[in-house]
Undergrad: 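Quick one: the structure is below, and I'll ask about it shortly.
Counting starts at 1 for both ligands and their atoms, in listed order. All heavy atoms count here, side chains included; hydrogens, waters and symmetry mates do not.
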Amino acid sequence: MTRQKFIDQLLKGSRRKPGTRGEAFAPANIALCKYWGKRDAELNLPANSSLSISLGKLGTRTVVKFAKNADRIFLNGKPAPKAFTRRVLAYLDLFRKKGQFFEVRTKNNIPTATGLASSASGFAALIQALNELMGWKLRPRELSMLARLGSGSAARSLYDGFAVWHAGQRPDGMDSYAEAVDSAWPALRIGILEVSAARKEPGSTEGMNRTRETSELYQAWPAQAACDFDELRAAIAAKDFPMFGKTAENNAMAMHATMLAAWPPLCYWKPRSLALMQKVWEVREYGFELYFTMDAGPNLKLLFLENDARTVRKLFPKVQIVTPFPKA
Ligand code: DP6
């Protein structure tokens, strides 16, 4: 099935009167059980289900309007860089009618230096803003399927707190959507440790494709991911932090192991990433409940509980601490 057919099917019967403006905010998210590998590139369907935590007020705000003669794309108040513009336009092309143009204004409140200003919150905000502008009145589940076409991890950024993205099995992708996990964990903290703010190379899409095609270890990945997905859900339901942290960290390490066994090898770590990992392992030897996760990049995201925040700050003075379940 083509993207266009998929979109037509989702929008069938839901085209209402377009408005004049759409605006939305979407949080950034960090995967605890990673999405790594596609079962269908055209529909951007994942090989495995994934689970994430959203970063509360850190994310992307986007305003979309109709424009007269040409598209206009802005990022943080300035005309957006070429690569960004190209990706947004390719996505808008999926939805525009002939002769229709858009003005898109996007702002990230994630300090770009954290290396977290990802496409996930961007596409999640954009599709929600488009939903309002076009008057589709789609629900989050359907919007997550459309966000996925921009970037897989964007499906999970439709929600606050924990979110799961079901891999699904259907070739038409209609069972591959994201939904919220109805479980708050106010004591949970995430610590962002920046190693490098440079753009990751290669990007996730190429990284996961290369891994899937060339890494022998990738064969073990879907089964491990399925197991970790269930364990994480159980750990969240039981608020079992050691099980939660261990499963998330192990899942990240297993994903990176599949990459190391790819050809040419993929290693997103920098020497400092490894030094930080070793520091986490060392303090854990002394019984301190601290874990980490890492995406396709060199930065670490620490996982710990509120009561340990002071110690984490002492150990890692540059850490940026995020409260994913802020008090209202
Ligand atoms: C390692 O969502 O960026 O961050 O669907 O090709 O755009 P595309 O990939 P993307 O991949 C994210 C990979 C990851 C793990 C995760 O977020 O689940």
Side-chain angles (χ1 to χ4, degrees), residues 3 26-55 59-60 83-84 86-88 90-91 94 110 114-127 144-159 162-168 173 176-178 190 192 199-213 215 218 221-222 224-226 228-229 232 247-260 262 266-269 273 292-301:
R3 289 182 163 214
N29 79 76
I30 289 172
L32 302 166
C33 178
K34 312 288 186 190
Y35 144 51
W36 197 244
K38 300 174 196 280
R39 68 177 170 94
D40 183 308
E42 171 70 14
L43 297 176
N44 213 19
L45 298 171
N48 62 280
S49 297
S50 56
L51 184 150
S52 64
I53 177 84
S54 287
L55 296 188
T60 304
F84 182 96
R86 217 176 301 129
R87 205 163 168 198
V88 170
Y91 189 66
L94 297 170
I110 314 164
T114 58
L116 259 175
S118 72
S119 50
S121 54
F123 282 108
L126 179 56
I127 196 63
S144 77
M145 294 200 244
L146 293 177
R148 173 191 98 204
L149 298 176
S151 187
S153 49
R156 301 181 310 240
S157 270
L158 266 288
Y159 307 98
F162 295 109
V164 292
W165 175 22
H166 302 284
S176 182
Y177 59 88
I190 293 165
I192 297 162
R199 250 188 88 78
K200 57 189 181 198
E201 279 303 332
S204 309
T205 310
E206 195 199 319
M208 63 178 84
N209 290 343
R210 189 193 300 176
T211 306
R212 197 155 190 248
E213 282 154 22
S215 171
Y218 186 81
W221 171 254
Q224 158 136 24
D228 291 345
F229 183 85
L232 277 166
T247 310
E249 185 175 311
N250 187 240
N251 182 270
M253 294 306 280
M255 176 184 73
H256 283 275
T258 68
M259 300 183 200
L260 290 171
L266 269 171
C267 183
Y268 287 98
W269 303 345
S273 317
F292 67 83
T293 183
M294 288 177 84
D295 287 325
N299 305 320
L300 268 75
K301 287 97 180 186

Undergrad: Any atoms of ligand 1 less than 4.0 Å from a non-hydrogen atom of Thr205? List them with their elements.
TA: 6 (O), 7 (O), 8 (P)

Undergrad: For atom 9 (O) of ligand 1, tell me which residue out of Lys34, Arg156, Met208, Arg87 has the closest non-hydrogen atom.
TA: Met208

Undergrad: Give a yes or no answer on whether the side chain of Asn209 reaches the backbone of Thr205 with a donor-acceptor pair at less than 3.5 Å.
TA: yes

Undergrad: Taking distance alone, with N or O pairs closer than 3.5 Å, would you say Asn29 contacts ligand 1?
TA: no

Undergrad: Show the numbers, then the answer: is there a salt bridge (charged side-chain N to carboxylate O under 4.0 Å, His left out) between Lys301 and Asp295?
TA: CA-CA 9 Å; Lys301 287 97 180 186; Asp295 287 325; 3.6 Å; yes

Undergrad: Where do Ser121 and Thr60 come nearest, in terms of heavy atoms and distance?
TA: OG-OG1, 2.7 Å

Undergrad: I want to check something: taking the side chain as every heavy atom from C-beta on, are Arg156 and Ser54 in contact at a cut-off of under 4.5 Å?
TA: no

Undergrad: Using a 4.0 Å heavy-atom cut-off, which part of Lys38 comes near ligand 1: side chain, backbone, both, or neither?
TA: side chain

Undergrad: Of the protein's non-hydrogen atoms, which lies at the shortest distance from atom 15 (C) of ligand 1, and what is that distance?
TA: Tyr35 O, 3.4 Å

Undergrad: Check ligand 1 against Ala31 and write out every atom of the ligand that is under 4.0 Å from a heavy-atom position of the residue.
TA: 16 (C), 17 (O), 18 (O)

Undergrad: Please determine if Ser50 has a nitrogen or oxygen closer than 3.5 Å to a nitrogen or oxygen of ligand 1.
TA: no

Undergrad: Would Ser119 count as a polar contact of ligand 1, with the cut-off being nitrogen or oxygen pairs under 3.5 Å?
TA: no

Undergrad: Give the atoms of ligand 1, by number and element, whose distance to some non-hydrogen atom of Gly152 is under 4.0 Å.
TA: 2 (O), 5 (O), 7 (O), 8 (P)

Undergrad: Among all the protein's non-hydrogen atoms, which is closest to atom 2 (O) of ligand 1, and how far away is it?
TA: Ser153 OG, 2.7 Å

Undergrad: Could you check atom 7 (O) of ligand 1 against the protein and tell me its nearest heavy-atom contact, residue, atom and distance included?
TA: Ser151 OG, 2.8 Å

Undergrad: Just checking, is any N or O donor in the side chain of Gln224 or Asn250 under 3.5 Å from an acceptor N or O on the other one?
TA: yes

Undergrad: As a quick check of understanding, evaluate side-chain hydrogen bond (donor to acceptor under 3.5 Å, both in side chains) for Asn48 and Trp36, giving each step before the final call.
TA: CA-CA 7 Å; Asn48 62 280; Trp36 197 244; over 6 Å; no

Undergrad: Determine the minimum heavy-atom distance between Tyr268 and Gly207, stating which atoms define it.
TA: OH-CA, 3.9 Å

Undergrad: Run the numbers for me: atoms of ligand 1, each under 4.0 Å from some heavy atom of Asn44, listed by number.
TA: 5 (O)

Undergrad: Less than 6.0 angstrom separating the ring centers of Tyr35 and Trp165, yes or no?
TA: yes

Undergrad: Give the residue, atom name and distance (to 0.1 Å) of the protein heavy atom nearest atom 1 (C) of ligand 1.
TA: Ala296 N, 3.7 Å

Undergrad: Exactly one of Thr247, Val164, Leu232 should register a side chain to side chain contact (heavy atoms under 4.5 Å, CB included) with Cys33. Which one does?
TA: Leu232

